[in-house]
Novice: 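Take this structure, written in structure tokens, and hold onto it; I'll ask about it next.
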2 protein chains.
Amino acid sequence: MKLITRDTDYAVRALCYMAKRRDEVVSVTQLVKSLKIPQPFLRKILQTLNQAGILESQKGVGGGFKLARPSGDIYLFDLIRVFQGDFELNECMFKKKLCPNRTTCSLRERLEVIEKYAVSQLEPVTIAELVKER
Amino acid sequence: MKLITRDTDYAVRALCYMAKRRDEVVSVTQLVKSLKIPQPFLRKILQTLNQAGILESQKGVGGGFKLARPSGDIYLFDLIRVFQGDFELNECMFKKKLCPNRTTCSLRERLEVIEKYAVSQLEPVTIAELVKER
DNA sequence: TTTAAATGATACCATAACAGTATCATTTGT
DNA sequence: ACAAATGATACTGTTATGGTATCATTTAAA
Ligand code: FES
Ligand code: FES
């Protein structure tokens with residue numbers, strides 16, 4: 001039961017690293033030296049971020065990736081959305097989304113409260129924030 | 001990313017049903033008629049609860065299950081523990097539990113806050129509570 | 001102009017968790 | 001004896017997770 005998967009976590013680390021070198025193009029090879037992440041996996045992650053418009057890429061020798069926008073405009077939730085889909089702790093709970101008990105189920109209400117809290121906590125987090133804090 | 005799996009959810013429903021008929025032995029067949037849960041699956045769930053000491057069973061004709069203790073003493077967390085293991089939204093995040101970034105990672109702190117909140121919300125919930133509320 | 005360093009695009013793979021099913025054995029009330 | 005119930009256990013299908021592996025393409029620099 002985890003809130004954050006490996007993809008997302010790795011992405012956060014890589015983006016933090018890049019945020020500290022803004023506008024500098026960083027290659028996967030470089031990144032892998034600092035962050036201990038398997039190369040091909042990190043590569044896939046960065047390509048995904050590129051397709052999602054969070055990174056920009058430059059091909060060829062001396063190429064690599066850089067942030068597509070200021071680190072303060074890259075939200076943790078953007079990454080979660082990319083790698084994990086919508087943030088839902090609820091997802092109640094029957095084949096094709098229709099749970100008969102929705103109206104009566106009080107468990108559901110409690111889960112919703114938790115989800116709301118989690119969202120409120122995570123929503124404001126940006127890469128800039130995370131970099132600043134260390 | 002769900003907090004509660006099907007097992008747990010089904011268990012909650014079944015236990016609520018049984019809580020309303022305290023000390024009455026209820027068979028899986030009966031339960032399945034009210035709750036829309038696949039029979040063999042529910043059976044497995046109840047057997048597990050039996051082994052966990054949450055239910056008592058009676059074999060043979062007219063047999064079935066009943067609560068092993070008052071519904072106010074059966075906590076949602078008991079069920080979560082049985083079907084999902086420890087409640088951890090964190091589980092950081094590296095092969096054999098040792099994440100190098102633990103000290104510096106500020107993401108972690110945020111997740112911990114959320115986890116604490118979730119626990120505080122779910123901890124007091126008992127079957128009795130859930131029955132009462134509908 | 002060749003070469004090497006980089007990404008692009010895809011396909012593949014291994015493991016585990018999740019959500020069940022299926023069987024056979026045993027107990028027990030009638 | 002029989003049928004209704006649980007006990008025990010093994011099996012199965014699907015999806016998510018956490019990756020690898022390949023081949024193609026771009027590009028800077030020798
Ligand atoms: S069981 Fe579906 S809403 Fe709670
Ligand atoms: S990445 Fe391991 S504690 Fe945050």
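Not measured: the values here are computed from a predicted model. So you know, we letter chains A, B, ... as the sequences are listed, proteins then strands, and number each from 1.
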Novice: For B:D9 and C:dC18, give me the distance from atom CG to atom C1', rounded to whole Å.
Specialist: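 Rounding to the nearest Å, CG of B:D9 and C1' of C:dC18 are 14 Å apart.
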Novice: CG of A:L15 to CG of A:L130: how many Å apart, nearest 0.5 Å?
Specialist: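 It is 10.0 Å, given to the nearest 0.5 Å.
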Novice: Between C:dC18, C:dA6, D:dA5, spot the one nearest the side chain of B:K2, thanks.
Specialist: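 Closest nucleotide among those given: C:dC18.
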Novice: If you only use heavy atoms from C-beta on, which nucleotide in D:dA5, D:dG19, C:dG29 is closest to the side chain of B:V61?
Specialist: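 Between D:dA5, D:dG19, C:dG29, the one nearest the side chain of B:V61 would be C:dG29.
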Novice: So does A:N50 get a side-chain nitrogen or oxygen closer than 4.0 Å to the phosphate oxygens (OP1/OP2) of C:dT7?
Specialist: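 Negative; the distance criterion is not met.
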Novice: If you assign A:G62 and B:F83 each to the DNA chain C nucleotide with the nearest heavy atom, which residue ends up on the more 5' nucleotide?
Specialist: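 Taking each residue's closest nucleotide, the earlier one in sequence belongs to A:G62.
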Novice: Rounded off to whole Å, could you give me the CG-to-C1' distance for the A:L55 and C:dG8 pair?
Specialist: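 Result: 14 Å.
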Novice: Rounded to the nearest 0.5 Å, what separates atom CZ in A:R21 from atom CG in A:L31?
Specialist: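 A:R21 atom CZ to A:L31 atom CG measures 8.5 Å (nearest 0.5 Å).
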Novice: Does D:dG18 have OP1 or OP2 under 4.0 Å away from a side-chain N or O of A:Y10?
Specialist: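 For D:dG18, neither OP1 nor OP2 has a side-chain N or O of A:Y10 closer than 4.0 Å.
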Novice: Do the side-chain N or O atoms of A:S27 get closer than 4.0 angstrom to the phosphate oxygens (OP1, OP2) of C:dA5?
Specialist: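 Checking A:S27 against C:dA5: no side-chain N or O falls below 4.0 Å of OP1 or OP2.
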Novice: What is the distance, to the nearest angstrom, from the CD atom on B:Q84 to the C1' atom on C:dA19?
Specialist: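 Going from CD in B:Q84 over to C1' in C:dA19 covers 13 Å.
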Novice: B:T5 side chain N/O closer than 4.0 Å to the phosphate oxygens (OP1, OP2) of C:dA17?
Specialist: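 Answer is no, no contact under 4.0 Å.
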Novice: In whole angstrom, give the distance that lies between atom CZ of A:R6 and atom P of C:dA17.
Specialist: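 Going from CZ in A:R6 over to P in C:dA17 covers 13 Å.
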Novice: To the nearest Å, give me how far apart CD (B:Q30) and P (D:dA5) are.
Specialist: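 Roughly 8 Å, once rounded to whole Å.
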Novice: Whole angstrom is fine here: how far is it from CZ in A:F41 over to P in C:dA14?
Specialist: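 The answer, rounded to whole Å, is 17 Å.
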Novice: At 4.0 Å (heavy atoms only), tell me whether B:G60 reaches a base, stays on the sugar-phosphate, or touches nothing.
Specialist: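 Here B:G60 touches the bases of the nucleic acid.
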Novice: Parallel, tilted or perpendicular, judged at 30° and 60°: which one describes the rings of B:Y117 and A:Y117?
Specialist: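 The arrangement is parallel - the two ring planes meet at less than 30°.
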Novice: Is any side-chain heavy atom of A:F83 less than 4.5 Å from a side-chain heavy atom of A:L49?
Specialist: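 Yes, side chains in contact.
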Novice: In whole angstroms, how far is the P atom of D:dT6 from the CG atom of B:L42?
Specialist: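 Answer to the nearest Å: 9 Å.
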Novice: Determine whether a donor-acceptor pair (one donor, one acceptor, N or O, separation below 3.5 Å) exists between the side chain of A:K44 and the base of D:dG19.
Specialist: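 Donor-acceptor pair under 3.5 Å: yes.
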Novice: Given D:dT6, D:dT17, C:dG20, identify the nucleotide with an atom nearest to the side chain of B:F65.
Specialist: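 The answer is D:dT6, which lies nearest to the side chain.
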Novice: Could you give the CG-to-C1' distance, from A:L31 to C:dT7, as a whole number of Å?
Specialist: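 It is 13 Å, rounded to the nearest whole Å.
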Novice: Please compare A:Q51 and B:Q58 by the position of their nearest nucleotide in DNA chain C and report the one closer to 5'.
Specialist: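 Checking each residue's closest nucleotide, the 5'-ward one belongs to A:Q51.
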Novice: If we ignore hydrogens and angles and just use 3.5 Å, is the side chain of B:D78 paired with the main-chain N or O of B:Y75 as donor and acceptor?
Specialist: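 At least one qualifying donor-acceptor pair exists.
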Novice: Is any side-chain N or O of B:R43 under 3.5 Å from a base N or O of D:dG7, one able to act as donor and the other as acceptor?
Specialist: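 Present.
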